[in-house]
Enquirer: 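Below you'll find the structure I mean.
Residue numbers start from 1 in every chain, and the chains themselves are labelled A, B, ... in the order their sequence lines are given, proteins ahead of strands.
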Amino acid sequence: MPLNQENQTSALFNKLSNHYGKQNWWPATTKFEMAIGAILTQSTNWNNANKALANLADNDLLSPTHLHQISRDRLSQIIRPSGYYTIKASRIKALASHVYSSYQDDFESYLRQPKEALREDLLSIKGIGKETADAIILYGAEEAMFIVDEYTKRLFSRLGHGPLNKVYDEWQDFFHSTVPKITSVYSEYHAIIVAHCKALCKKTPACHTCFLINECKTGKETLTSC
DNA sequence: GGCCAGGACACCA
DNA sequence: TGGTGTCATGGC
């Protein structure tokens with residue numbers, strides 16, 4: 001008997017989860033660091049973003065106050081390893097100044113808004129798009145908000161699931177209606193999709209364009225083998 | 001030396 | 001609404 005969409009997405013999650021194990025995202029010591037990391041990793045390898053985060057920590061800059069006060073030029077040099085450093089410096093300062101203006105350094109209070117209001121507020125900040133806002137809500141505010149990235153759309157499209165278009169909100173609605181709204185499940189699901197795609201890409205470049213679970217002909221570490 | 005990475009935005013048709 | 005160019009470093 002064929003599985004319905006809800007069961008298919010759950011089945012895929014279980015399959016990936018069993019294969020890759022618990023991911024425990026997001027790697028950060030504070031929620032504010034998590035949010036800054038979300039900007040630094042935009043279209044960037046996490047390793048590079050992490051170097052920029054380390055530089056920020058070394059300069060005691062991981063607080064809204066300090067990032068609000070530092071000049072954009074100085075900040076851009078500190079986060080240089082992350083790439084796109086001038087535009088990211090503007091985005092980080094925009095977030096820090098926005099939070100600082102109402103909450104000073106109490107970022108956790110800022111995150112305690114109702115999640116829909118928080119999302120709308122985050123999206124009003126220049127440089128924070130839907131994916132970054134949802135990452136902050138899921139991993140920072142710890143509210144069940146599914147993150148839709150390019151990997152997710154490509155993987156599910158290739159498997160014949162999800163909307164036929166690339167509209168973010170439609171994809172998010174698809175996951176919200178097929179995956180139980182549990183923060184820990186959404187957290188792991190997103191992390192595991194990334195882990196899966198990175199693992200396939202690393203071992204088998206050919207899989208970079210297919211991302212198929214059962215059609216990875218050249219990779220040794222496919223889900224069909226486990 | 002080329003390709004890619006845990007996006008967002010401005011601009012144009 | 002959808003497609004394209006731009007922003008840039010570091011690892012493989």
Enquirer: What is the distance, to the nearest angstrom, from the CG atom on A:L164 to the C1' atom on C:dG2?
Expert: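 After rounding, the reported distance stands at 16 Å.
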Enquirer: Using atom CD of A:E150 as one end and atom P of B:dG6 as the other, report the distance to the nearest whole Å.
Expert: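 Result: 13 Å.
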Enquirer: Should A:Y151 and A:H190 be marked as a ring-ring contact (aromatic ring centres under 6.0 Å, His included) after you check the CA-CA gap, both sets of side-chain angles, and the distance that decides it?
Expert: CA-CA 9 Å; A:Y151 283 151; A:H190 175 66; 8.8 Å; no
Enquirer: If you measure from the P atom in B:dA10 to the same atom in C:dA8, how many Å do you get, rounded?
Expert: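 B:dA10 and C:dA8 have their P atoms separated by 15 Å.
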Enquirer: Can you tell me if A:W25 is stacked onto the base of B:dG6, using a 5.5 Å centroid cut-off and an angle below 30°?
Expert: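 Ring-base stacking flag set for A:W25 and B:dG6.
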Enquirer: Please enumerate all residues that pass side-chain contact (heavy atoms from CB on, under 4.5 Å) together with A:S43, with sequence neighbours excluded.
Expert: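 A:S43 satisfies side-chain contact (heavy atoms from CB on, under 4.5 Å) with A:Y84 only.
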Enquirer: Find the distance A:K166:NZ to C:dT1:P and express it as a whole number of Å.
Expert: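 Taking atom P of C:dT1 as the reference, NZ of A:K166 is at 17 Å.
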Enquirer: Between B:dG7 atom P and A:K153 atom NZ, what is the distance in whole Å?
Expert: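 Computing the A:K153:NZ to B:dG7:P distance gives 11 Å.
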Enquirer: In whole angstrom, give the distance that lies between atom NZ of A:K198 and atom C1' of B:dA5.
Expert: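 Atom NZ in A:K198 sits about 9 Å away from atom C1' in B:dA5.
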Enquirer: A:R154 has an atom CZ; how far is it from atom C1' of B:dG6, in whole Å?
Expert: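 Value for this atom pair: 13 Å.
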Enquirer: Taking only residues two or more places apart in sequence, or in another chain, which ones meet A:F174 in a ring-ring contact (aromatic ring centres under 6.0 Å, His included)?
Expert: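 By the ring-ring contact (aromatic ring centres under 6.0 Å, His included) rule, A:F174 matches no residue at all.
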Enquirer: Do A:S97 side-chain atoms and A:K93 backbone N/O form a donor-acceptor pair below 3.5 Å?
Expert: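 Flag set: sc A:S97 to bb A:K93 pair under 3.5 Å.
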Enquirer: Nearest 0.5 Å please: distance from the OG atom of A:S177 over to the CD atom of A:Q172.
Expert: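 That separation rounds to 11.0 Å.
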Enquirer: Want to settle it: does A:P27 or A:I125 sit nearer the 5' end of DNA chain B, counting the closest nucleotide to each?
Expert: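 Taking each residue's closest nucleotide, the earlier one in sequence belongs to A:P27.
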Enquirer: List in chain and number order the residues that pass ring-ring contact (aromatic ring centres under 6.0 Å, His included) with A:F32, two or more places apart in sequence or in another chain; answer none if no residue qualifies.
Expert: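 Per chain and number, A:F32 pairs via ring-ring contact (aromatic ring centres under 6.0 Å, His included) with A:F107.
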Enquirer: Measure the CG-CG distance between A:L118 and A:L123 for me, rounded to the nearest 0.5 Å.
Expert: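 The CG atom of A:L123 is 9.0 Å from CG of A:L118, to the nearest 0.5 Å.
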Enquirer: Consider only side-chain N and O atoms of A:S17 and A:N14, and report whether a donor and an acceptor are under 3.5 Å apart.
Expert: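 Absent: no donor and acceptor within the cut-off.
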Enquirer: Distance between the P atoms of B:dG6 and C:dC12, in whole angstroms?
Expert: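 Taking atom P in both B:dG6 and C:dC12, they lie 13 Å apart.
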Enquirer: If you take any heavy atom closer than 4.0 Å to DNA chain B, which residues from residues 168-181 of chain A end up in contact?
Expert: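 Result for residues 168-181 of chain A: none.
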Enquirer: Please tell me whether A:R154 and A:S157 have a donor and an acceptor in their side chains that are separated by less than 3.5 angstrom.
Expert: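 No pair is found: no donor N or O on one side chain lies under 3.5 Å from an acceptor on the other.
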Enquirer: Could you work out, with salt bridge (charged side-chain N to carboxylate O under 4.0 Å, His left out) as the rule, every residue matching A:K166, not counting sequence neighbours?
Expert: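 Scan of A:K166 (salt bridge (charged side-chain N to carboxylate O under 4.0 Å, His left out), adjacent residues dropped) gives A:E150.
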Enquirer: Just grab all the ring pair (Phe, Tyr, Trp, His ring centres under 6.0 Å) pairs involving residues 43-79 of chain A, residues at least two apart or on different chains.
Expert: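 Matches after skipping sequence neighbours: A:W26-A:W46, A:H68-A:Y100.
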Enquirer: In whole angstrom, what separates A:I79's CD1 from B:dG7's P?
Expert: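 About 15 Å, once rounded to whole Å.
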Enquirer: Going from CG on A:L111 to OH on A:Y103, what distance comes out if it is rounded to the nearest 0.5 angstrom?
Expert: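 Here the interatomic distance stands at 9.5 Å.
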Enquirer: Let's see if you get this right: which residues in residues 83-101 of chain A place a heavy atom under 4.0 Å from DNA chain B?
Expert: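 A:R91, in order of number.
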Enquirer: Going by salt bridge (Lys or Arg N to Asp or Glu O under 4.0 Å), name the pairs with one or both residues in residues 20-49 of chain A, residues two or more places apart or in two chains.
Expert: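 Output for this query lists A:K22-A:E188, A:K31-A:E142.
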Enquirer: Please report the distance, rounded to the nearest Å, between CG in A:D149 and P in B:dG7.
Expert: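 Value for this atom pair: 7 Å.
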Enquirer: Between protein and nucleotides 10-13 of chain B, what N or O pairs are separated by less than 3.5 Å?
Expert:
{"unit_1": "B:dA10", "atom_1": "OP1", "unit_2": "A:K126", "atom_2": "NZ", "d": "2.6"}

Enquirer: Which ones in residues 46-63 of chain A lie close to DNA chain C, meaning a heavy atom under 4.0 Å from one of its atoms?
Expert: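 Nucleic-acid contacts, sorted: A:N47, A:N48, A:K51.
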Enquirer: Verify, without hydrogens or angle tests, whether A:T183 (side chain) and A:A144 (backbone) share a donor-acceptor contact under 3.5 angstrom.
Expert: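 Such a contact is found between A:T183 side chain and A:A144 backbone.
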Enquirer: Between A:V148 and A:V167, is there shared hydrophobic-cluster membership here, with clusters defined by ILVMFWY side-chain heavy atoms closer than 4.5 Å?
Expert: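 In one cluster with A:V148: A:V167, no.
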Enquirer: Return the set of residues passing ring-ring contact (aromatic ring centres under 6.0 Å, His included) with A:Y85 (not counting sequence neighbours), or none when no residue passes.
Expert: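 Partners of A:Y85 by the ring-ring contact (aromatic ring centres under 6.0 Å, His included) criterion come out as none, since no residue qualifies.
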Enquirer: So, does A:T44 use its side chain to make a donor-acceptor pair with the main chain of A:S82 at under 3.5 Å?
Expert: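 Yes, A:T44 side chain to A:S82 backbone: donor-acceptor pair under 3.5 Å.
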Enquirer: Looking at DNA chain C, which of residues 128-147 of chain A put a heavy atom within less than 4.0 Å of it?
Expert: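 Contacts with DNA chain C under 4.0 Å: none.
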